Amino acid sequence: MRSPFRLPQTAFLCLALLLTGCGISPTGYVQAGAPAQGIPQPGAATYTARIFFVSPLGIHAAARPAVGPVGPQEALDLLVKGPTEAERARGLVSLVPPMPGRLTAVPANGAVSVHLPVPVARMEAAAVHQIACTAANAAIPGGRPATEVDVRMYEPGSGGEPWTVRCSSNGIAFPATGPQGSRTSAPTPAPDGSGTPRTR
């Protein structure tokens with residue numbers, strides 16, 4: 001099954017238009033003023049996780065304090081749990097649907113493989129943006145900026161072939177191009193879903 005996201009970049013512009021048509025402006029991302037996930041704040045010993053939700057103004061990153069670097073698996077687990085009461089009071093919601101299995105992430109150098117338990121066709125475009133950008137803004141080996149992290153998305157029926165996206169500074173996932181965006185095989189999640197790669 002070919003993913004509906006494995007399309008030319010013009011298709012992603014259409015997704016942005018769809019978001020706008022639903023009252024969600026992709027340019028409405030509000031900078032939370034926090035550093036990238038897993039990066040310590042200047043002058044402080046605390047860390048910040050960035051979890052992407054949807055607000056009336058568009059995709060929005062909620063900054064949450066953390067005691068240490070927050071990897072992509074932990075970040076996606078927080079995303080699946082949804083916004084906190086305080087975040088809901090600020091108008092943040094999640095469009096990530098209930099899933100029959102765990103949404104898993106396996107980090108690599110400058111990249112992260114995200115394994116979706118449901119096909120993308122069953123999710124709204126905003127949910128894909130939430131997942132991809134939450135994973136990209138996690139603590140990823142290699143020190144790349146979040147906008148340069150390759151997010152390799154795997155969905156059921158893909159035959160093990162990923163489609164790679166990157167997250168823009170305003171929280172929108174778009175197709176990766178260039179050598180870093182080429183398709184590669186994915187690390188296999190550990191049986192417990194912890195995101196720790198196992199040797200094939």
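From a predicted model like this one, the values you see are computed outputs, not experimental measurements.
- When ring centroids are compared, Tyr154 and His115 come within the 6.0 Å threshold.
- A 4.5 Å side-chain heavy-atom check between Thr84 and Arg88 finds every atom pair outside the cut-off.
- Val80 is linked by a side-chain contact (heavy atoms from CB on, under 4.5 Å) to Leu103, counting only residues two or more places apart in sequence or in another chain.
- With sequence neighbours excluded, the residues that form a side-chain contact (heavy atoms from CB on, under 4.5 Å) with Arg122 are Pro119.
- Closest of all the heavy-atom pairs between Ala136 and Val151 is CB-CG2, 3.8 Å.
- Contact between Ala176 and Arg166 at its shortest, heavy atoms only, is CB-CG, 4.0 Å.
- Closest heavy-atom contact between Met123 and Pro97: CG-CG, 3.6 Å.
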Stepwise side chain to side chain contact (heavy atoms under 4.5 Å, CB included) test for Arg144 and Asn109: CA-CA 9 Å; Arg144 283 190 189 178; Asn109 189 37; over 6 Å; no
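- The stretch residues 91-130 participates, sequence neighbours left out, in no disulfide bond (SG atoms under 2.5 Å apart) pair at all.
- Taken from CG in Leu95 to CD in Glu124, the straight-line distance is 5.0 Å, to the nearest 0.5 Å.
- The two atoms that bring Ala135 and Pro72 nearest to each other are O-CB, 4.2 Å, heavy atoms only.
- Taking CZ of Arg50 as the start and OG1 of Thr134 as the end, the distance is 10.0 Å to the nearest 0.5 Å.
- Under 3.5 Å, the side chains of Ser94 and Gln130 contain a donor-acceptor pair of N or O atoms.
- Counting heavy atoms from C-beta outward, Trp163 and Arg152 have side chains that stay 4.5 Å or more apart.
- Applying the salt bridge (Lys or Arg N to Asp or Glu O under 4.0 Å) test to residues at least two apart or on different chains, none of the pairs has a partner in residues 126-139.
- Taken from CD in Glu161 to CE in Met153, the straight-line distance is 15.0 Å, to the nearest 0.5 Å.
- Annotation: the span from Asp150 atom CG to Ile140 atom CD1 amounts to 10.5 Å, rounded to 0.5 Å.
- Val54 has its side chain out of reach of His60: every pair of non-hydrogen atoms, C-beta onward, lies at least 4.5 Å apart.
- For Thr147, there are no side chain to side chain donor-acceptor pair (under 3.5 Å) partners at least two apart in sequence or on another chain.
- To the nearest 0.5 Å, the span separating CD on Glu74 from CD1 on Ile51 amounts to 8.5 Å.
- Glu87 contributes no side-chain N or O that, together with a main-chain N or O of Leu92, makes up a donor-acceptor pair within less than 3.5 Å.
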Steps toward side chain to side chain contact (heavy atoms under 4.5 Å, CB included) verdict (Val93, Phe53): CA-CA 6 Å; Val93 299; Phe53 295 112; over 6 Å; no
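- Legend: residues meeting side-chain contact (heavy atoms from CB on, under 4.5 Å) with Ser168, ordered by chain and number and at least two apart, are Asn170, Ile172, Phe174.
- Counting heavy atoms from C-beta on, the side chains of Val118 and Pro100 come closer than 4.5 Å.
- Residues Gly91 and Pro56 come closest through the heavy atom pair O-CD, 3.5 Å.
- Distance check: Cys167 SG to Ile131 CD1 gives 12.0 Å after rounding to the nearest 0.5 Å.
- Tested against Phe52, the residues Leu79, Val96, Asn137 include a single side-chain contact (heavy atoms from CB on, under 4.5 Å) partner, Asn137.
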